[in-house]
Amino acid sequence: MKRSIIPAIVATVLLPMTACENAPQYDATGIFEATTVTLSAETSGRILSMSVAEGDTVMAGQTVAVVDTTLLVLQQRQIGSQRSSTESSVPDVSAQAAALRSQITHQQHEVDRFARLLADGATTQKQYDDARAQLTTLRAQLDALLSTLGKNRSSISESAVAQAYQSDQIQEQIQRSSVVSPIGGTVLVKYAEPGEFATPGRQLCKLADLSQIYLRAYFTASQLADIKLGQKVTVTADFGADERFDYPGTITWIAQESEFTPKTIQTEDSRANLVYAVKIAVNNDGRLKLGQYGEVKL
């Protein structure tokens, strides 16, 4: 009887120890990711240069690719020539109205002369009225001419302004033919080579700032009460074998909706089907790689 009791006691003692040893040493797992930026062409033309290769580090504001601008430059020159021609056709209002103003001045003298003659009885009322009527006609002609010339001048000025805007638009396209990186980072993928034809929206390369990456981990609903934005956690990167390194991390984003557990992710509760994605920011010391497996300890 004693021989049968002792193994039972030993088994009872070993069971909880084995369970403790098999308990996961993490609260969640995930994959290291980074915010990527895809640079695309904004103009059409042959790619003249593509000065980066996969793995290269680029600075913010660095020119990554240049698209041929020959046609755009020719269009800009054509519009510039049209604008010069348009501006040169602006009518000289003073010169064209000078003759009528001279006639009006002369006719005003005639009206004054007929007024004196009429006062002296040396002319008739009809002659005086005819002189005044001719003066009124000349003044009306001057007003009409000034109105017409003013409208023509305004129309020509508007055409010149529109052509200036067209030139500015082409200049903007010329500037956008140089594809500039908005951030500093590492080139992950290169999609085009010099000599190929670029169209607006065609992807040229993809890059990311690998110094600031994050672990996309997944927590169960029962763990949500233990996490919050800004919380400091410990992130463990698994390099295989016995190489594991701990990094301080900060929770920067928590999903508002649950999703089914990705096949590549393990959770503390193996029965959980629905989990919540969480982003944990980690400063990369150069060892962390995108797609690498990581664990989180709250």
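Position 1 is the first residue of the sequence, and the numbers go up from there.
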Novice: Can the positive tip of Arg287 be found less than 6.0 Å from the middle of the six-membered ring of Phe245, inside 45° of the ring normal?
Specialist: yes
Novice: Which distance, rounded to the nearest 0.5 Å, do you find between the CD1 of Ile227 and the OH of Tyr276?
Specialist: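 Result: 10.0 Å between the selected atoms.
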Novice: Under 4.0 Å between a side-chain nitrogen and a carboxylate oxygen: does that hold for Lys126 and Asp130?
Specialist: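 Counted as a salt bridge, because a side-chain N and a carboxylate O are separated by less than 4.0 Å.
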Novice: Give the C-alpha distance, both sets of side-chain angles, the deciding distance and a yes or no for side chain to side chain contact (heavy atoms under 4.5 Å, CB included) between Val58 and Leu207.
Specialist: CA-CA 9 Å; Val58 299; Leu207 52 88; 3.9 Å; yes
Novice: Rounded at 0.5 Å granularity, tell me how far CG in Leu210 sits from OG1 in Thr57.
Specialist: 8.0 Å
Novice: Any chance you could lay out the side chain to side chain contact (heavy atoms under 4.5 Å, CB included) test for Tyr214 and Ile280, step after step, and finish with the verdict?
Specialist: CA-CA 5 Å; Tyr214 59 87; Ile280 303 169; 5.7 Å; no
Novice: Within the distance-only criterion (no hydrogens, no angle test), does the side chain of Ser88 pair as donor or acceptor with the backbone N or O of Ser85 below 3.5 angstrom?
Specialist: yes
Novice: Give a yes or no on whether the backbone of Ser211 and the side-chain of Asp209 come within a donor-acceptor separation of less than 3.5 Å.
Specialist: yes
Novice: Treating Thr148 as the side-chain partner and Ala144 as the backbone partner, does any N or O pair qualify as donor plus acceptor under 3.5 Å?
Specialist: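 At least one qualifying donor-acceptor pair exists.
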Novice: Please round to the nearest 0.5 Å and tell me the distance separating atom CG of Leu290 and atom OG1 of Thr36.
Specialist: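 So the gap between those two atoms works out to 9.0 Å.
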Novice: Are the charged groups of Glu295 and Arg244 less than 4.0 angstrom apart, N to O?
Specialist: yes
Novice: Start with the C-alpha distance between Ser177 and Thr43, add both sets of side-chain angles, then the distance that settles side chain to side chain donor-acceptor pair (under 3.5 Å), and finish with yes or no.
Specialist: CA-CA 6 Å; Ser177 295; Thr43 58; 3.1 Å; yes
Novice: Does Lys297 count as lying over the ring of Tyr26, i.e. NZ or CZ under 6.0 Å from the six-ring centre, within 45 degrees of the axis?
Specialist: no
Novice: Flag the pair Glu54 and Lys190 as a salt bridge only when some basic side-chain nitrogen lies within less than 4.0 angstrom of an acidic carboxylate oxygen.
Specialist: no
Novice: Closer than 3.5 angstrom, by distance alone: can the side chain of Thr63 be matched with the main-chain N or O of Ala65 as a donor-acceptor pair?
Specialist: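 No, because the side chain of Thr63 does not come within donor-acceptor range (under 3.5 Å) of the backbone of Ala65.
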Novice: Do other residues, nucleotides or ligands put more than 12 heavy atoms under 6.0 Å from Gln125 CD?
Specialist: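 Yes, the 6.0 Å shell around CD holds more than 12 heavy atoms from other groups.
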Novice: To the nearest 0.5 Å, what is the distance between OG1 (Thr250) and CG (Asn283)?
Specialist: 8.0 Å
